[in-house]
Colleague: 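Have a look at the structure that comes next, please.
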Amino acid sequence: MQNNNKKLWMTLSVICILIGIATWIPNFIFEYGYSYWLLTFIINPLGILCGYLGRSKIAMISNIIMTFSFFILMFFVSLSEAFFG
C-alpha cells in the first residue's frame, strides 16, 4: 500500500512537470508571448509537493527548475543578447 502511494505521488509530480513544459510550447512554436507560462507558478509548486510526498528528489528538482523557468530563460536570453547583440 505504501509503495502504491509513492508511485501515485511520483506520477502526479511528473504530470506537473509535463504540464509546465507544455505551457511554454506555444511561446516557442508561435513566437508570440502567450501568458500560459504563468501557470508554472501554480502547477509546479504542487508538483514539488507531490515529489516530496513521493520521496523523489529528481521530481522535486525538476519542478523547482520549472517553477523558476521564466527567470532562468530571461537570464540566458539577456546573456546571449549581451554577447551576440
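All residue numbers refer to positions in the sequence shown, counting from 1. Only this structure's heavy atoms are used, side chains among them; waters, hydrogens and symmetry mates stay out.
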Colleague: Less than 4.5 Å apart, side chain to side chain, heavy atoms only: is that true for N63 and P45?
Modeller: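 Heavy-atom side-chain distance check fails, nothing below 4.5 Å.
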
Colleague: Would you compute the distance between atom CG of N4 and atom NZ of K6 and round it to the nearest 0.5 angstrom?
Modeller: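 Answer for the CG-NZ pair, N4 versus K6, is 11.5 Å.
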
Colleague: Minimum heavy-atom separation for N44 and C16, please, with both atom names.
Modeller: ND2-O, 3.2 Å

Colleague: Less than 4.5 Å apart, any side-chain heavy atom of T40 and any of T67?
Modeller: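 A side-chain contact under 4.5 Å is absent here.
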
Colleague: Test of understanding: clusters of I, L, V, M, F, W, Y form through side-chain heavy atoms closer than 4.5 Å, transitively. Do L79 and F84 belong to the same one?
Modeller: yes

Colleague: Starting from F28, can I reach Y34 by hopping between I/L/V/M/F/W/Y residues whose side chains sit under 4.5 Å apart?
Modeller: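 No; F28 is not reachable from Y34 via cluster members.
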
Colleague: I need the minimum non-hydrogen distance between M60 and G51, along with the two atoms involved.
Modeller: CG-C, 3.5 Å

Colleague: Taking C-beta and beyond as the side chain, do W24 and M66 meet within less than 4.5 Å on heavy atoms?
Modeller: yes

Colleague: How long is the span from the CD1 atom in I43 to the CD1 atom in I48, to the nearest 0.5 Å?
Modeller: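 Result: 12.5 Å between the selected atoms.
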
Colleague: Main chain of K7, side chain of T11: is a donor-acceptor contact present, judged purely on distance under 3.5 Å?
Modeller: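 Side chain of T11 to backbone of K7, a donor-acceptor pair under 3.5 Å: yes, one is there.
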
Colleague: Does a side-chain heavy-atom distance below 4.5 Å link F71 with F76?
Modeller: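 The answer is no; the side chains never approach within 4.5 Å.
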
Colleague: Taking all heavy atoms of N27 and all of W37, pick out the closest pair and write down the distance.
Modeller: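 Closest heavy-atom pair between N27 and W37: ND2-CD1, 3.4 Å.
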
Colleague: Provide the closest heavy-atom pair for Y36 versus T23 in the form atom of the first, atom of the second, distance.
Modeller: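 It is O-CB, 3.4 Å.
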
Colleague: Do the side chains of L12 and L49 join up, straight or via other hydrophobic residues, at under 4.5 Å, putting them in one cluster?
Modeller: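 Same cluster: L12 reaches L49 through Ile, Leu, Val, Met, Phe, Trp or Tyr contacts under 4.5 Å.
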
Colleague: Are F83 and V77 connected in a single hydrophobic cluster, I mean Ile/Leu/Val/Met/Phe/Trp/Tyr linked by side-chain heavy atoms less than 4.5 Å apart?
Modeller: no

Colleague: Kindly say whether the aromatic ring centers of F68 and F70 come within a distance under 6.0 Å.
Modeller: no

Colleague: Step through the shown structure and confirm whether more than 12 heavy atoms of other residues, nucleotides or ligands are within 6.0 Å of CD1 on I58.
Modeller: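 Open.
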
Colleague: How long is the straight-line distance from CD1 of I64 back to CD1 of I17, given to the nearest 0.5 Å?
Modeller: 10.5 Å

Colleague: Quick check: closest heavy atoms across W9 and C50, and the distance to 0.1 Å?
Modeller: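 What the structure gives for the nearest pair is CB-O, 3.3 Å.
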
Colleague: Check step by step if side-chain contact (heavy atoms from CB on, under 4.5 Å) holds for I19 and L39.
Modeller: CA-CA 9 Å; I19 291 172; L39 291 173; 6.0 Å; no

Colleague: Going hydrophobic residue to hydrophobic residue with side-chain gaps under 4.5 angstrom, can you get from I25 over to Y32?
Modeller: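 Looking at the clustering, Y32 is in the same group as I25.
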
Colleague: Roughly how far, to the nearest 0.5 Å, is the OG atom of S80 from the CZ atom of F75?
Modeller: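 Here the rounded value is 10.5 Å.
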
